[in-house]
Undergrad: 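Before we start, here is the structure in question, set down as structure tokens.
Each ligand, and each atom within it, is numbered from 1 in the order the structure gives.
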Amino acid sequence: MEINHLLKRGADMIGDREYGNPVLEATMVLEKLLDVDKVYIYTHGKETVSGDIADKFMTIMEKRAEGYPIQYIIGKKEFMGLDFHVREGVLIPRNDTEILVEYILEYMDERHGNETIDILELGIGSGAISLSIAHYNRRVRIHGVDLHSIPLEVAEENKARLSLDNVSFHQGDLFQGIEGLEMDGRFHIIVSNPPYIPSDDMGTLQEEIREYEPTDALDGGGDGLDFYRRIIPQSRDYLIEEGLLIFEMGYDQGEEIERMMMDEGFKDIGILRDLQGLDRVIYGTMG
Ligand code: GLN
């Protein structure tokens with residue numbers, strides 16, 4: 001079948017899904033199957049592909065039509081201008097999370113000039129946050145912790161692909177993951193994008209997320225705040241004075257998290273909005 005026909009059939013199959021861009025997604029799948037880039041696809045519309053490729057393509061598009069995330073199909077997601085490998089078992093990096101990374105990059109430039117900056121990330125997923133910070137600022141030393149094996153494997157793969165040697169990943173339950181490590185001192189920054197969806201809201205997430213992304217990376221317990229409740233008090237023992245604690249959070253969780261941070265003595269608390277104008281990031285410094 002000709003590339004153009006195949007793309008049209010693929011796009012039609014997923015055309016009524018609420019989220020996504022059918023033609024672009026069909027193109028991305030074919031790119032991967034043919035191991036070519038977009039430009040090739042666009043300029044070779046009349047080319048015929050083998051029956052084997054056409055069958056594979058249709059099978060994949062059927063899966064996509066059932067809501068399977070396109071990023072797991074093509075095995076990657078772009079974040080901060082870098083390609084991150086993703087697969088089932090890790091959260092797909094969200095564009096909104098770039099706001100968190102950009103804030104940290106600016107904060108380090110303003111605050112820390114040429115010093116070495118020690119950062120701890122709790123819950124790494126694909127490693128997108130730690131690795132993009134480390135890519136854009138070579139003065140950092142980052143430790144990332146995750147409870148689960150798949151995120152650690154995927155993050156290691158991404159670290160190798162990006163050739164970064166200033167990040168190390170460890171398995172463990174939050175701060176336990178760095179127990180026993182040789183450290184020069186405390187951290188300048190602790191960052192986390194923890195699970196923050198209230199358990200009762202899990203059923204309302206869009207199918208792509210609910211059915212296929214890891215529940216452990218999303219479900220934050222009864223009110224969604226379980227991880228903030230654990231991390232905020234403990235972070236006092238790991239941050240330098242004036243150190244930065246920064247989280248991604250749910251759009252309506254700012255007030256409660258701010259209260260938790262103030263109760264633990266954090267100051268200069270600020271909230272950042274996401275691409276839709278919703279509260280998405282909260283930060284403060286240890287007083
Ligand atoms: N932003 C994600 C979502 O909407 C949630 C990520 C998280 O719980 N940390 O699915």
Undergrad: Just which atoms of ligand 1 are under 4.0 Å from any heavy atom in R94?
TA: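 Those atoms are 2 (C), 3 (C), 10 (O).
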
Undergrad: Keeping N158 on the side-chain end and S126 on the backbone end, is there a donor-acceptor pair under 3.5 Å?
TA: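 Present.
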
Undergrad: I'd like to know if R139 and D109 make a salt bridge, using a cut-off of under 4.0 Å between side-chain N and carboxylate O.
TA: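 Salt bridge between R139 and D109, a charged N being under 4.0 Å from a carboxylate O: yes.
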
Undergrad: If you compare all heavy atoms of V90 against all heavy atoms of Y72, which two are closest, and at what distance to 0.1 Å?
TA: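 So the minimum-distance heavy-atom pair works out to O-OH, 2.6 Å.
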
Undergrad: Quiz question: by atom type and distance under 3.5 Å, do the side chains of E2 and T48 form a donor-acceptor pair?
TA: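 E2 vs T48: no donor-acceptor pair found between side chains.
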
Undergrad: For the 3.5 Å polar cut-off, considering only N or O atoms, please tell me whether P194 and ligand 1 meet it.
TA: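 Yes; at least one N/O pair falls below 3.5 Å.
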
Undergrad: Does ligand 1 have a heavy atom under 4.0 Å from the side chain of E248, from its backbone, from both, or from neither?
TA: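 Answer for E248: side chain.
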
Undergrad: Among protein heavy atoms, which sits nearest to atom 1 (N) of ligand 1, and what does the distance come to when rounded to 0.1 Å?
TA: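 Going by distance alone, atom 1 (N) of ligand 1 is nearest to Y196 OH, 3.0 Å.
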
Undergrad: Can you tell me if R236 uses its side chain to pair, donor with acceptor, with the backbone of E264 under 3.5 Å?
TA: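 A pair under 3.5 Å: yes.
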
Undergrad: Is the shortest distance from a heavy atom of A217 to ligand 1 less than 4.0 Å?
TA: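 Per 4.0 Å heavy-atom rule, A217 contacts ligand 1.
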
Undergrad: Is K63 close enough and on-axis enough to Y68, meaning under 6.0 Å and within 45°, for cation-pi?
TA: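 The answer is yes, since K63 meets both limits relative to Y68.
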
Undergrad: If you measure every N/O of N193 against every N/O of ligand 1, is any gap under 3.5 Å?
TA: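 Yes; the residue has a nitrogen or oxygen that sits under 3.5 Å from a nitrogen or oxygen of the ligand.
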
Undergrad: What atoms in ligand 1 come closer than 4.0 Å to a heavy atom of P195?
TA: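 Near P195, the atoms of ligand 1 are 8 (O).
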
